[in-house]
Amino acid sequence: MSLDTRGPSAAQQKQALWRLAAAFAAGAVLNLAFAPFGWWPVAILAPAALLALIRGLPPRRAGWTGAAFGIGLFAFGTYWLYTCLHVIGLVPIWLTMVLQAGLVALMASYSAALCYLANRYWLKVGATRAWLVLPVLWVLLEWLRGWAVSGFPWLSLGYAMIDSPLKGWAPLFGVYGVTWAAATIAVAVNVMLLPTVTVPRRLFALGIAALLFAIPAMLGHH
């Protein structure tokens, strides 16, 4: 095999590893949106970063990227399980590690499914994918995570918005309504930062984001 043949493959592998590392970092950083930090804008920027990272990827690679995001989120976000299981519950440390790794893997499968499904059926960038599919998929998979199989609703985007203007969506549609608003604004941020997007589309995305922040206050839910 010639160097010319190996070169592009090595470059592609390096790019794939960089993408996975970036997704893992975005998931880990998302924890800063929750207590005790409460940096709620991170709950918009981190999902926006994930959506940018999976843009144009084949479905399987998008799924792995989503899994890396989920691992970063839950590996750092469920650190307290170690105290509950090992320190308080006296579970052997090896079993604690196995149980915690299993939970993280299970939770990461939801973000992997989100990214895989988005790119499997709506790979082409467009209004349907951006404004309808991605936010609804995010809400659906958070709901499934909270009620099916695991029953583990922690670290949902809506819970990070308790001190943000988006909290006003909660009286209207509950925590999943807040999640939907945050995910839609994440899409808007993603659209606004695309280099190929026209000025009218950037302004439209900005208008959508501003409207989602403003509606709760207009209805008196703030």
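- Environment of CH2 in W94: sparse, with no more than 12 heavy atoms of neighbouring residues, nucleotides or ligands closer than 6.0 Å.
- In terms of heavy-atom proximity, A130 sits nearest to P135 at O-CD, 3.3 Å.
- A donor-acceptor pair under 3.5 Å is absent between the side-chain atoms of D163 and the main chain of G38, judged by distance alone.
- Interatomic distance, Y116 OH to L137 CG, rounded to the nearest 0.5 Å: 13.0 Å.
- S164 places a side-chain N or O within 3.5 Å of a backbone atom of L166 that can act as its donor or acceptor partner.
- Checked by atom type and distance alone, the side chain of Q100 never pairs as donor or acceptor with a backbone atom of L81 at under 3.5 Å.
- L140 contributes atom CG, which lies 12.0 Å from atom OG1 of T179 (distance to the nearest 0.5 angstrom).
- Hydrophobic clustering (ILVMFWY, side-chain heavy atoms < 4.5 Å, transitive): V136 and L172 are in distinct clusters.
- Both L144 and V133 belong to a single network of hydrophobic side chains, linked directly or stepwise wherever heavy atoms of I, L, V, M, F, W or Y lie under 4.5 Å apart.
- Atom CE of M192 is separated from atom CG of L194 by 10.5 Å, given to the nearest 0.5 angstrom.
- Under the 4.5 Å side-chain contact rule for hydrophobic residues, I162 and W40 do not share a cluster.
- For R202 (side chain) and V197 (main-chain N/O), a donor-acceptor pair under 3.5 Å exists by modelled atom type.
- The shortest distance between side-chain heavy atoms of W18 and L53 falls below 4.5 Å.
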(request) Begin from the C-alpha positions of F69 and L30 and carry the test side-chain contact (heavy atoms from CB on, under 4.5 Å) through to its verdict. (result) CA-CA 9 Å; F69 179 89; L30 179 52; 3.8 Å; yes

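- What you find for A33 and V42 is that their closest heavy atoms are CB-CB, 4.2 Å.
- The CZ atom of F74 sits 8.5 Å away from the CG atom of N31 when rounded to the nearest 0.5 Å.
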(request) Would you please test M107 and L155 for side-chain contact (heavy atoms from CB on, under 4.5 Å) and show each step? (result) CA-CA 10 Å; M107 295 299 98; L155 301 177; over 6 Å; no

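- The nearest pair of heavy atoms linking V178 to M161 is CG1-CB, 3.5 Å.
- Going from atom CG of L114 over to atom CG of L134 covers 7.0 Å, rounded to the nearest 0.5 Å.
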(request) Please step through side-chain contact (heavy atoms from CB on, under 4.5 Å) for the pair F204 and W131, ending with a clear verdict. (result) CA-CA 11 Å; F204 176 79; W131 300 109; 3.8 Å; yes

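- None of L50, T184, V187 except one satisfies the side-chain contact (heavy atoms from CB on, under 4.5 Å) rule with W138; the exception is L50.
- To the nearest 0.5 Å, atoms CZ (R60) and OG1 (T65) are separated by 13.0 Å.
- Side-chain N or O atoms of R129 include none that pairs as donor or acceptor with a backbone N or O of Y121 at under 3.5 Å.
- Among all heavy-atom pairs drawn from Y176 and G146, the shortest one is OH-CA, 4.4 Å.
- Ring pair F173/W169 is parallel by interplanar angle, where below 30° counts as parallel and above 60° as perpendicular.
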(request) Dump the intermediate steps for side-chain contact (heavy atoms from CB on, under 4.5 Å) on V199 and L203, then the final yes or no. (result) CA-CA 6 Å; V199 172; L203 293 176; 4.0 Å; yes

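- Residues A209 and A188 approach most closely at CB-CB, 4.1 Å, considering heavy atoms.
- When all heavy atoms of P165 and F213 are compared, the pair lying nearest together is CB-CD2, 3.8 Å.
- At least one side-chain heavy atom of L157 sits under 4.5 Å from a side-chain heavy atom of P47.
- Residues L132 and I185 fall into different hydrophobic clusters, defined by Ile, Leu, Val, Met, Phe, Trp and Tyr side chains chained together at heavy-atom separations under 4.5 Å.
- Cluster annotation: L32 and F76 are assigned to distinct hydrophobic clusters (Ile/Leu/Val/Met/Phe/Trp/Tyr, side-chain heavy-atom contacts under 4.5 Å, transitive).
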